[in-house]
A.B. asks: 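Got a structure for you, questions after.
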Amino acid sequence: MRRVVRGFWGPRPEPVDALTARWSATLERIAGLLPEATGGAEPTWRTVPVSGPGAAVRTGDGASLTEALRAAQAADDWSAANGTSLRVLLADPAPAWKVEIAGLAGGSPEFLLQSLVVTVVAPDDARLPDAELLTAVAESWQPDYGDAGDRTVTAALKREAGFKVGTPSVGWAGFLSPGRASRMPDGVFGRELPGTGVLLDIAAPGDDTAPVVRAYEALKAAGALDPLPQPMDRPAL
């Protein structure tokens with residue numbers, strides 16, 4: 001089983017200490033939501049740099065995270081305009097589990113979205129908390145929009161609703177920033193995340209993608225899934 005949980009936003013320059021706080025909250029919450037992935041052990045993460053060996057990052061250890069972010073900047077010909085790219089893997093996961101988190105954040109590019117993407121591979125009989133994972137991403141990063149999905153729901157949206165990769169969408173769960181949530185049409189319901197936006201817990205993962213397709217079509221028609229105007233000059237719609 002494979003699930004991808006994502007958040008996207010526009011330009012939002014942030015210093016390394018702010019990114020450290022966001023990454024720290026993300027790692028702690030994701031590990032807490034996936035106790036089976038760690039096998040009950042204290043979670044440790046390992047960076048996946050562009051080149052060279054990775055480094056250990058411990059949940060709750062801000063110093064190791066700051067060091068990893070600065071190392072990523074140094075290795076990536078870093079520019080403040082682009083943002084800081086960091087990718088980490090859960091070290092020593094339980095059998096059949098893999099958790100990867102990749103982010104590009106803290107920059108102000110006008111044509112490239114900032115993002116945080118969590119990819120979870122789990123045994124087929126595992127129960128993944130999709131809505132809670134998306135909530136963790138939303139509350140840690142305050143994105144413009146986000147989703148939790150898999151290949152089944154993405155294929156259905158492409159085939160039945162004309163979804164194009166790289167444009168706002170929803171999955172089994174979705175997230176809308178306050179500006180997008182203000183455009184939600186009648187018949188689409190969500191749960192407010194105070195100070196963050198609205199979470200849409202649309203359908204349980206499976207073969208029945210019809211509720212997701214209907215929600216996507218209704219939200220798109222209402223303008224809640226409009227892309228950010230380019231060149232982008234703000235983090236959210």
A.B. asks: Identify the two heavy atoms, one from Gly149 and one from Trp172, that lie closest to each other, and give their separation to 0.1 Å.
C.D. replies: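 Closest approach of Gly149 to Trp172, heavy atoms only: CA-CD1, 3.8 Å.
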
A.B. asks: Would you mind writing out the side-chain donor-acceptor pairs for residues 136-147 within the sub-3.5 Å range, not counting sequence neighbours?
C.D. replies:
{"unit_1": "Glu139", "atom_1": "OE1", "unit_2": "Arg29", "atom_2": "NH1", "d": "2.7"}
{"unit_1": "Glu139", "atom_1": "OE1", "unit_2": "Arg29", "atom_2": "NH2", "d": "3.0"}
{"unit_1": "Ser140", "atom_1": "OG", "unit_2": "Ala136", "atom_2": "O", "d": "2.8"}
{"unit_1": "Trp141", "atom_1": "NE1", "unit_2": "Thr26", "atom_2": "OG1", "d": "2.7"}
{"unit_1": "Gln142", "atom_1": "OE1", "unit_2": "Arg22", "atom_2": "NH1", "d": "2.7"}
{"unit_1": "Gln142", "atom_1": "NE2", "unit_2": "Glu139", "atom_2": "O", "d": "2.6"}
{"unit_1": "Asp144", "atom_1": "OD1", "unit_2": "Ser177", "atom_2": "OG", "d": "2.8"}
{"unit_1": "Asp144", "atom_1": "OD1", "unit_2": "Arg180", "atom_2": "NE", "d": "3.1"}
{"unit_1": "Asp144", "atom_1": "OD1", "unit_2": "Leu237", "atom_2": "N", "d": "3.0"}
{"unit_1": "Asp144", "atom_1": "OD2", "unit_2": "Arg180", "atom_2": "NE", "d": "3.0"}
{"unit_1": "Asp144", "atom_1": "OD2", "unit_2": "Arg180", "atom_2": "NH2", "d": "2.8"}
{"unit_1": "Asp147", "atom_1": "OD1", "unit_2": "Arg6", "atom_2": "NE", "d": "3.0"}
{"unit_1": "Asp147", "atom_1": "OD2", "unit_2": "Arg6", "atom_2": "NH2", "d": "2.8"}

A.B. asks: Which donor-acceptor pairs under 3.5 Å do the side chains of residues 126-134 make with protein atoms, sequence neighbours left out?
C.D. replies:
{"unit_1": "Asp130", "atom_1": "OD1", "unit_2": "Arg3", "atom_2": "NE", "d": "3.4"}
{"unit_1": "Asp130", "atom_1": "OD2", "unit_2": "Arg3", "atom_2": "NE", "d": "2.3"}

A.B. asks: Could you go through residues 156-163 and list every donor-acceptor pair under 3.5 Å that involves a side-chain atom there, pairing it with any protein atom two or more places apart or in another chain?
C.D. replies:
none

A.B. asks: If Ile, Leu, Val, Met, Phe, Trp and Tyr residues are connected whenever their side-chain heavy atoms lie under 4.5 Å apart, and connections chain through other members, are Leu116 and Phe8 in the same group?
C.D. replies: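 Different hydrophobic clusters.
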
A.B. asks: Mind listing the side-chain donor-acceptor pairs of residues 181-208 below 3.5 Å, one per line with the distance, residues two or more places apart or on another chain?
C.D. replies:
{"unit_1": "Ser182", "atom_1": "OG", "unit_2": "Gly179", "atom_2": "O", "d": "2.6"}
{"unit_1": "Arg183", "atom_1": "NH1", "unit_2": "Gly223", "atom_2": "O", "d": "2.9"}
{"unit_1": "Arg183", "atom_1": "NH1", "unit_2": "Asp226", "atom_2": "OD2", "d": "3.1"}
{"unit_1": "Asp208", "atom_1": "OD1", "unit_2": "Ala210", "atom_2": "N", "d": "3.3"}

A.B. asks: Report the distance from atom CZ of Arg2 to atom CZ of Arg151, rounding to the nearest 0.5 Å.
C.D. replies: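 So the gap between those two atoms works out to 4.5 Å.
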
A.B. asks: Supply the atom-to-atom distance Leu65 CG to Leu19 CG, rounded to the nearest 0.5 angstrom.
C.D. replies: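 So the CG of Leu65 and the CG of Leu19 are separated by 10.5 Å.
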
A.B. asks: Can Tyr216 be reached from Phe175 by stepping across I, L, V, M, F, W or Y side chains whose heavy atoms are under 4.5 Å apart?
C.D. replies: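 The answer is no; the residues belong to distinct hydrophobic clusters.
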
A.B. asks: If you look only at distance, which donor and acceptor atoms sit under 3.5 Å apart when one is on a side chain in residues 32-40 and the other is two or more places apart or in another chain?
C.D. replies:
{"unit_1": "Thr38", "atom_1": "OG1", "unit_2": "Pro35", "atom_2": "O", "d": "3.0"}
{"unit_1": "Thr38", "atom_1": "OG1", "unit_2": "Gly40", "atom_2": "N", "d": "3.3"}

A.B. asks: Is the closest side-chain donor-acceptor distance between Thr84 and Gln73 under 3.5 Å?
C.D. replies: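 Yes.
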
A.B. asks: Among the clusters formed by ILVMFWY side chains lying less than 4.5 Å apart, do Leu89 and Val4 turn up in the same one?
C.D. replies: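 Not linked; separate clusters.
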
A.B. asks: Is there a side chain to side chain contact (heavy atoms under 4.5 Å, CB included) between Met1 and Val120? Walk through the geometry before answering.
C.D. replies: CA-CA 8 Å; Met1 179 197 318; Val120 181; over 6 Å; no

A.B. asks: Testing the basics here: between Glu110 and Gln230, what is the closest heavy-atom pair and its distance to 0.1 Å?
C.D. replies: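 Of all heavy-atom pairs spanning Glu110 and Gln230, the closest is O-CG, 4.3 Å.
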
A.B. asks: Output all residues satisfying salt bridge (charged side-chain N to carboxylate O under 4.0 Å, His left out) with Arg234, sequence neighbours left out; order by chain, then residue number.
C.D. replies: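 For Arg234 there are no salt bridge (charged side-chain N to carboxylate O under 4.0 Å, His left out) partners, ignoring immediate neighbours.
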
A.B. asks: Treating Ile, Leu, Val, Met, Phe, Trp and Tyr as nodes and any side-chain heavy-atom pair under 4.5 angstrom as an edge, say whether Val57 and Leu86 lie in one connected cluster.
C.D. replies: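 Linked within one cluster.
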
A.B. asks: Are Val165 and Val153 linked, directly or through intermediate hydrophobic residues, by side-chain heavy-atom contacts shorter than 4.5 Å (ILVMFWY only)?
C.D. replies: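 Shared cluster, yes.
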
